[in-house]
Amino acid sequence: MADLRIELAGIQSPNPFWLASAPPTNTGYQVQRAFEAGWGGAVWKTLGDPIVNVTSRFAGLTYNRQTVGFNNIELITDRPLEVNLKEMKEVKRNFPNHTLIASLMMEPDKYRWQELVKAVEDIGVDGLELNFGCPHGMAERGMGSAVGQQPELVQMQTAWVKEVARTPVIVKLTPNITDIRYTARAAVQGGADAVSMINTINSLMGVDLDTWNTIPHVDGKGAHGGYCGPAVKPIALNMVAECARDPLVGVPISGIGGISNWRDVVEFMLMGASGIQVCTAAMLYGFRIVEDMAEGLSNYLDEKGIASVMDIVGKSVQRYSDWGNLNLNYKIVARIDEEYCIHCNRCHIACEDTSHQCIDIVPNGAGKEKLVVREEDCVGCNLCSIVCPIEDCITMVEVPTDLPPQTWKERQAAINS
Ligand SMILES: Cc1cc2nc3c(=O)[nH]c(=O)nc-3n(C[C@H](O)[C@H](O)[C@H](O)COP(=O)(O)O)c2cc1C
């Protein structure tokens, strides 16, 4: 069976599955149960002050009765530091081979940051994660994403921590920024051993049509929250990939954002994450989702003949490039399998109204109609296969051309020469 152990910036873990700093890692009781269920690591709910919170806190975006997006306005831990430290110590004593990371947030004061680092390292954590990502509440007071949005603050506060830290330092970044590579680079310049991403995305889940209150609201008033869950996965995956292919980042990445199953785990690792963290999926379905994750990942690696999960880290990074490097002579077209088609015509409508008008409704020779793609006019946009409700009914197939691969830059050069 494939080896699921990972190593991230010197931190060893029995598997790549860590719980992200959030409600699932709020107490020793929870983290111990998570480890028993099979999670290899946990990043404790962020420690810091002040201890303050609100009700209500969460809202879900549901589609087809599945929660696809999740929003929260809660703050960091509202439990006293001593209580958290005592429980963290117990967890580490009971599970010495599991990974325990302390997530930290502090006001911009070097002395206080360093004091907190020493306190958590004294109880034997395996590493630190600096929370420069939470977008609400703490940010208004100069912490969380208020730091993560300014590269110079990220660099400075990381350096403060690195001055005293004895364990590896992971810097957790905010996605609420134009280009995450700049803050990732700043973290590295400050001495970060790894970066983790993403924290939550600024969001307002909705407005109640009857009361006109925001969703959620606190006694009739709302504030922006942090968005996460499956809906944010593409944003997170892109940010991981952008950092993974940036030579100026160059440190291991812990991937976070919308990860719900073993396939997501593989995708993040292929795109450069050395390990992953999960919050929303655990909140929605419980700790036992890790069983399917471990089994699915193991089977995948075994079927591919891959000995260690670390062997897949970054294997897709070279395949992610700039638009200008794409082959303009590559062509795919849609093919509709008449056998599967239920004649809902969604492909025809989508193509006719919003794409390239190349799916015709023609007689099928038996007194009925069929849908046929005019391949010479198809631009291979995929829209018909996306709207088709039947699996495998529309496939996109490559059409060989005689033309050699040619990028935009190469075509421009050919035109200009
Ligand atoms: C209710 C809630 C509370 C959170 N609290 C923290 C926190 O204290 N510290 C932190 O670094 N991230 C916090 N997060 C962000 C998560 O750790 C994670 O980065 C984010 O939810 C994206 O992962 P997901 O899509 O798997 O949920 C919180 C998320 C949620 C939903």
Q: Check whether any side-chain heavy atom of K45 sits under 4.5 Å from a side-chain heavy atom of R79, and report yes or no.
A: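 Side-chain contact under 4.5 Å: no.
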Q: Using the side-chain hydrogen bond (donor to acceptor under 3.5 Å, both in side chains) criterion, which residues pair with R65? Sequence neighbours excluded.
A: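 Listed in chain order: nothing, the list is empty.
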Q: Salt bridge (Lys or Arg N to Asp or Glu O under 4.0 Å): which pairs involve residues 316-331, sequence neighbours left out?
A: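 Every salt bridge (Lys or Arg N to Asp or Glu O under 4.0 Å) pair that includes a residue of residues 316-331, provided the two are not neighbours, is R245-D322.
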Q: May I ask you to test the T46-M143 pair for a side-chain heavy-atom distance under 4.5 Å?
A: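 A side-chain contact under 4.5 Å is absent here.
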Q: Hey, does I359 have a side-chain heavy atom less than 4.5 Å from the side chain of I336?
A: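 Yes - at least one pair of side-chain heavy atoms lies under 4.5 Å apart.
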Q: Report yes if the side chains of Q357 and D377 come closer than 4.5 Å at any heavy-atom pair, otherwise no.
A: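 No. Closest side-chain heavy atoms not under 4.5 Å.
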Q: Would you check, one step at a time, whether the test side chain to side chain donor-acceptor pair (under 3.5 Å) holds for T77 with N84?
A: CA-CA 9 Å; T77 184; N84 278 309; 3.2 Å; yes
Q: Other residues, nucleotides and ligands only: do more than 12 of their heavy atoms fall within 6.0 Å of CZ on R288?
A: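 12 or below, so no.
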Q: Show the nearest heavy-atom pair for residues T99 and P14, with the distance to one decimal.
A: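 Result for this residue pair: OG1-CD, 4.1 Å.
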Q: Test: side chain to side chain donor-acceptor pair (under 3.5 Å). Region: residues 300-316. Which pairs qualify, not counting sequence neighbours?
A: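 Qualifying pairs: none.
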Q: Find out whether V117 and L104 are in side-chain contact, i.e. whether some heavy atom of one side chain is under 4.5 Å from a heavy atom of the other.
A: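 In short, these two side chains touch, coming nearer than 4.5 Å.
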Q: Under the side-chain hydrogen bond (donor to acceptor under 3.5 Å, both in side chains) rule, collect the residues that match up with D337, sequence neighbours excluded.
A: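 D337: no side-chain hydrogen bond (donor to acceptor under 3.5 Å, both in side chains) contacts found.
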Q: Sorted by first residue and then second, give each ring pair (Phe, Tyr, Trp, His ring centres under 6.0 Å) pair with at least one member in residues 306-327; sequence neighbours left out.
A: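 Passing the test, one end in residues 306-327: W323-W408.
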Q: Among pairs that include at least one residue of residues 51-101, which meet ring pair (Phe, Tyr, Trp, His ring centres under 6.0 Å), considering only residues two or more places apart or in two chains?
A: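 Matches after skipping sequence neighbours: F35-F95, F35-H98, F58-F70, F95-H98.
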Q: What's the shortest heavy-atom distance between L248 and D246, and which atoms?
A: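 Smallest heavy-atom distance, with atoms named: N-OD1, 2.8 Å.
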Q: Do the side chains of I180 and C243 get nearer than 4.5 Å, heavy atoms only?
A: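 Yes - at least one pair of side-chain heavy atoms lies under 4.5 Å apart.
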Q: Verify, without hydrogens or angle tests, whether N15 (side chain) and G40 (backbone) share a donor-acceptor contact under 3.5 angstrom.
A: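 Here the side-chain-to-backbone pair exists.
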Q: Do you know which two heavy atoms are closest between V154 and V147, and how far apart they sit?
A: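 That would be CG2-O, 3.3 Å.
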Q: Can I get a per-line list of side-chain donor-acceptor pairs under 3.5 Å for residues 391-398, giving both atom names and the distance, sequence neighbours left out?
A:
none

Q: Does the side chain of T183 reach to within under 4.5 Å of the side chain of F132, using non-hydrogen atoms?
A: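 Side-chain contact under 4.5 Å: no.
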Q: Determine yes or no for a side-chain-to-main-chain donor-acceptor pair under 3.5 angstrom, with Q114 supplying the side chain and W160 the backbone.
A: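 At least one qualifying donor-acceptor pair exists.
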Q: Taking only residues at least two apart or on different chains, which pairs with a member in residues 190-245 satisfy ring pair (Phe, Tyr, Trp, His ring centres under 6.0 Å)?
A: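 Of all non-adjacent pairs touching residues 190-245, none passes ring pair (Phe, Tyr, Trp, His ring centres under 6.0 Å).
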Q: Less than 4.0 angstrom from a charged side-chain N to a carboxylate O is my criterion; do R166 and D122 meet it?
A: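 Here R166 pairs with D122 in a salt bridge, since their nearest N and O are under 4.0 Å apart.
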Q: For residues 264-286, run the donor-acceptor check on the side chains, cut-off 3.5 Å, and write out each pair with its distance to 0.1 Å, sequence neighbours left out.
A:
unit_1: D264; atom_1: OD1; unit_2: K233; atom_2: NZ; d: 3.1
unit_1: D264; atom_1: OD2; unit_2: S260; atom_2: N; d: 2.8
unit_1: D264; atom_1: OD2; unit_2: N261; atom_2: N; d: 3.4
unit_1: E267; atom_1: OE1; unit_2: K233; atom_2: NZ; d: 3.1
unit_1: E267; atom_1: OE2; unit_2: K233; atom_2: NZ; d: 3.2
unit_1: Q277; atom_1: NE2; unit_2: E129; atom_2: OE2; d: 3.1
unit_1: Q277; atom_1: NE2; unit_2: S254; atom_2: OG; d: 2.9
unit_1: T280; atom_1: OG1; unit_2: G229; atom_2: N; d: 3.4
unit_1: Y285; atom_1: OH; unit_2: Q66; atom_2: OE1; d: 3.2

Q: Once side-chain hydrogen bond (donor to acceptor under 3.5 Å, both in side chains) is applied, do any residues pair with R335, and if so which ones, sequence neighbours excluded?
A: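 Applying side-chain hydrogen bond (donor to acceptor under 3.5 Å, both in side chains) to R335 gives E375.
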Q: Ignoring hydrogens, what is the shortest heavy-atom contact between A102 and V125? Give both atom names and the distance.
A: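 Here A102 and V125 meet closest at CB-CG1, 4.0 Å.
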Q: side-chain hydrogen bond (donor to acceptor under 3.5 Å, both in side chains) with W39: which residues, sequence neighbours excluded?
A: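 Applying side-chain hydrogen bond (donor to acceptor under 3.5 Å, both in side chains) to W39 gives none.
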Q: Given side chains that start at C-beta, do those of R112 and L116 come closer than 4.5 Å, heavy atoms only?
A: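 No, too far: nothing below the 4.5 Å cut-off.
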Q: Please test T401 against N329 for side chain to side chain donor-acceptor pair (under 3.5 Å), starting from the C-alpha separation and ending with a verdict.
A: CA-CA 7 Å; T401 67; N329 289 335; over 6 Å; no
Q: Write out all pairs satisfying salt bridge (Lys or Arg N to Asp or Glu O under 4.0 Å) with one or both partners inside residues 4-14, taking only residues at least two apart or from two chains.
A: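 Found D3-R5.
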